[in-house]
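To start, the structure under review is shown below, and the notes come after it.
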Amino acid sequence: MEADKISEICKALGDPNRLQIIKLLTNGEMCACKLLEEFQITQPTLSHHMKILTDCGLVSSRKDGKKTYYSIICCTFKEFKSYFENITCYKDRLAKGKGSGSEACCDCVE
């Protein structure tokens, strides 16, 4: 996944409500009406959040009559997670024998 796509998803997840929506959707597809029950927001506000999540490619939607159902797009979510799993601390790389052997520039509490 390209850095610009990662950035777009990070921006979408930069809102606490959208993070919570993603967490809820990890349990499977949910109707917008059920998502709305979890928040103290209006339906138009939920629609705005869902548009941002669908536009970045993290969430898909499907209509069934008057209801809209949302789910995480697993392949996008896995690629997004993988991007961060491949970013490691310099000291972690040294411990795994992948660094140059020189000391890290700073010490932080681990």
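If you read the sequence from its start, that first residue is 1, and numbering goes on from there.
- A search for salt bridge (Lys or Arg N to Asp or Glu O under 4.0 Å) contacts involving Glu85 returns nothing, not counting sequence neighbours.
- The two residues Leu36 and Ile41 come nearest to each other via the heavy atoms CD1-O, 3.4 Å.
- For Gln20, the side-chain contact (heavy atoms from CB on, under 4.5 Å) test picks out Lys23, Leu24, Phe39, with sequence neighbours left out.
- Here the straight-line distance linking atom CG of Leu58 with atom CG of Leu25 works out to 9.0 Å at 0.5 Å rounding.
- The side-chain contact (heavy atoms from CB on, under 4.5 Å) check on Ser60 picks up Ser71, Ile73, with sequence neighbours excluded.
- Residues passing the side-chain contact (heavy atoms from CB on, under 4.5 Å) test with Glu79 are Met1, sequence neighbours excluded.
- Salt-bridge check for Lys11 with Glu8: failed, with every basic side-chain N at 4.0 Å or more from each acidic carboxylate O.
- Using a 4.5 Å heavy-atom cutoff, the side chains of Thr76 and Ile9 are in contact.
- Taking SG of Cys31 as the reference point, atom CZ of Arg62 lies at 9.0 Å (rounded to 0.5 Å).
- The ring pair (Phe, Tyr, Trp, His ring centres under 6.0 Å) contacts involving residues 57-82 comprise Phe80-Phe84, where partners must be two or more places apart or lie in separate chains.
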Ignoring hydrogens and angles, write down the donor-acceptor pairs under 3.5 Å from the side chains of residues 44-52, residues two or more places apart or on other chains.
{"from": "Thr45", "atom 1": "OG1", "to": "Thr42", "atom 2": "OG1", "distance (Å)": "2.9"}
{"from": "Ser47", "atom 1": "OG", "to": "Gln43", "atom 2": "O", "distance (Å)": "3.2"}
{"from": "Ser47", "atom 1": "OG", "to": "Gln43", "atom 2": "NE2", "distance (Å)": "2.7"}
{"from": "His49", "atom 1": "ND1", "to": "Arg18", "atom 2": "NH1", "distance (Å)": "2.9"}
{"from": "Lys51", "atom 1": "NZ", "to": "Asp55", "atom 2": "OD2", "distance (Å)": "2.7"}

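- Taking CD1 of Ile72 as the reference point, atom CG of Leu53 lies at 9.0 Å (rounded to 0.5 Å).
- Lys81 contributes atom NZ, which lies 10.0 Å from atom SG of Cys74 (distance to the nearest 0.5 angstrom).
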